[in-house]
> 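One structure, as structure tokens, below. Some questions next.
Note: hydrogens, waters and symmetry copies are ignored here, and every other heavy atom, side chains too, is used.
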Amino acid sequence: MSELSTESITEAVLQRLAGTPDPRLKFISEALVRHLHAFIEEVRPSFGEWEAAIDFLTSVGQMCTRERQEFILLSDTLGASMLVDAINAPRDPRATESTVLGPFYLDDPPQFENGAIIDGGREGVPLLIEGEVLDSEGNRRGGAIVDVWQSDAEGAYDVQNPESTTYLRGRFTCDGAGRFSLWSIVPSSYAIPNDGPVGKMLAAQARHPFRPAHVHFRITSPGCSSLTTHIFVKGDEYLDSDAVFGVKESLIEDLPLHEPNEAPIGRLLDRPFSWLRRTFVLAPVPHQA
Ligand code: BEZ
Ligand code: FE
């Protein structure tokens, strides 16, 4: 039996992986070992530091529940989620850019008719959202399904309060011309959940936990790639320092105030409202190699 040195340990582990039957798993495992060993060589952790690293990952796992996914927050705050997004984003420059899904998506939201009010009685500046969904050839995607979710004016999502009912989220079906519409309220910037190990990490790195105000959209239509994106509110103080690196210039929109009497028929308002009108373009489904 030969002694293993810092030079030969990497090779020894790689050799042990050589028989991995699934080629993709073999490739991923080998890359993980090479990069992990190179990281350890660079950092040269003490025993105490290595134990602290294992304790940190353990506490990230222990924080996870059905409602709280601390590993996603870790991936988001280290920029890993946006890197995966960039690698997988459709290459079509005509398509609307994507950004992170985040932990507050529900795959069975309440369904609404177009024009519905989804504020659930939350206070805030009324926001009329009128969208149209096209494919990258400019065809209108009638029947496209649009999921919308956002924080309230205090920066909280419905799912963060187990006692609250669902609000500020819903599923809409586009009309024959690919249009959808709804009334919500102007969202606010908010701190990502920071009462766990990821919050401690951010504090230790002297980073704030805030995301700029945004509305989330997830849009699907047969024959098109699905789109997961946000629209950010122009002028937000955190646009340049989003805790999860999700901001893209093309996704920032101005939401100027309009007088109540400019509201379309169907809503009587006694105060000014904001109006978001936006076209979303879906890329084609990628060809399988
Ligand atoms: C969100 O936008 O909902 C979000 C994204 C990443 C981490 C936390 C929240
Ligand atoms: Fe969000």
Side-chain angles (χ1 to χ4, degrees), residues 1-91 97-105 107 192-207 209 211 218 225-230 241-248 283 285-289:
M1 199 194 130
S2 60
E3 296 285 319
L4 292 173
S5 65
T6 46
E7 285 78 41
S8 61
I9 180 84
T10 308
E11 212 30 60
V13 180
L14 291 174
Q15 272 176 23
R16 200 71 67 81
L17 300 176
T20 308
D22 181 320
R24 180 71 179 158
L25 179 62
K26 179 168 182 278
F27 175 74
I28 293 170
S29 307
E30 288 172 346
L32 174 65
V33 167
R34 275 190 278 103
H35 289 276
L36 179 63
H37 287 211
F39 171 80
I40 294 169
E41 285 278 10
E42 182 182 338
V43 173
R44 306 196 77 75
S46 66
F47 283 126
E49 286 172 335
W50 194 243
E51 201 180 318
I54 288 172
D55 285 349
F56 174 71
L57 289 177
T58 303
S59 60
V60 169
Q62 286 169 339
M63 194 79 198
C64 293
T65 62
R66 213 173 64 86
E67 288 81 32
R68 174 76 175 258
Q69 232 302 353
E70 195 77 357
F71 270 112
I72 294 184
L73 285 182
L74 183 60
S75 160
D76 294 341
T77 50
L78 293 178
S81 303
M82 282 308 288
L83 189 53
V84 173
D85 180 74
I87 288 165
N88 288 286
R91 296 274 171 265
E97 290 193 283
S98 54
T99 188
V100 281
L101 177 67
F104 302 130
Y105 177 66
D107 60 11
I192 63 169
N194 64 344
D195 56 345
V198 170
K200 282 198 188 124
M201 179 191 79
L202 293 178
Q205 294 167 341
R207 292 166 61 186
R211 299 215 62 209
R218 178 167 244 203
S225 289
S226 66
L227 170 67
T228 301
T229 195
H230 310 349
S241 63
D242 182 6
V244 304
F245 308 95
V247 179
K248 293 178 178 173
V285 174
H287 291 294
Q288 296 296 328

> For a 4.5 angstrom cut-off between non-hydrogen side-chain atoms, does E11 reach L14?
yes
> Do you know the tightest heavy-atom contact between F245 and M82?
O-CG, 3.3 Å
> Tell me the closest heavy-atom pair linking M201 and T77, and the distance in Å.
CE-OG1, 3.5 Å
> Looking at CD of E30 and NE2 of H35, how far apart are the two atoms once the value is rounded to the nearest 0.5 Å?
11.0 Å
> Identify the two heavy atoms, one from R91 and one from A86, that lie closest to each other, and give their separation to 0.1 Å.
NH1-O, 3.7 Å
> For E41 and T10, what are the C-alpha separation, side-chain angles and deciding distance, and is it a side chain to side chain contact (heavy atoms under 4.5 Å, CB included)?
CA-CA 11 Å; E41 285 278 10; T10 308; 5.9 Å; no
> Determine whether more than 12 heavy atoms belonging to other residues, nucleotides or ligands lie under 6.0 Å from atom CD of Q205.
yes
> So, the side chain of T99 versus the backbone of G246: is there a donor-acceptor pair under 3.5 Å, distance only?
yes
> For the CZ atom on F71, are there more than 12 heavy atoms of other groups (residues, nucleotides or ligands in this structure) within a distance under 6.0 Å?
yes
> Taking all heavy atoms of L227 and all of E97, pick out the closest pair and write down the distance.
CD1-O, 3.9 Å
> Do the side chains of H230 and V247 get nearer than 4.5 Å, heavy atoms only?
no
> Between the main-chain N or O of L32 and the side-chain N or O of R34, is there a donor-acceptor pair closer than 3.5 Å?
no
> List the atom of R211, the atom of I192, and the distance in Å for their closest heavy-atom pair.
CG-CG2, 3.5 Å
> Calculate, to the nearest 0.5 Å, the distance between atoms CD and CG belonging to Q62 and D55 respectively.
9.0 Å
> Looking at L73, D76, I72, L78, which hits side-chain contact (heavy atoms from CB on, under 4.5 Å) with V198?
L73
> Just by modelled atom types, is the I54 backbone N or O under 3.5 Å from a matching donor or acceptor in the T58 side chain?
yes
> So, for R68 and G196, which heavy atoms are closest and what is the spacing to 0.1 Å?
NH2-N, 3.7 Å
> Looking only at side-chain N and O atoms, does S98 offer a donor or acceptor that is under 3.5 Å from a partner on T228?
no
> Looking at Y105, is its backbone amide N or carbonyl O close enough to the side chain of R218 to form a donor-acceptor pair, meaning the two atoms are under 3.5 Å apart?
no
> How about CZ on R16, more than 12 heavy atoms from neighbouring residues, nucleotides or ligands closer than 6.0 Å, or not?
no
> If you define the side chain from C-beta out and look only at heavy atoms, does anything of L74 sit under 4.5 Å from L57?
yes
> Could you grab the distance from atom CZ of R24 to atom OG of S29, nearest 0.5 Å is fine?
10.5 Å
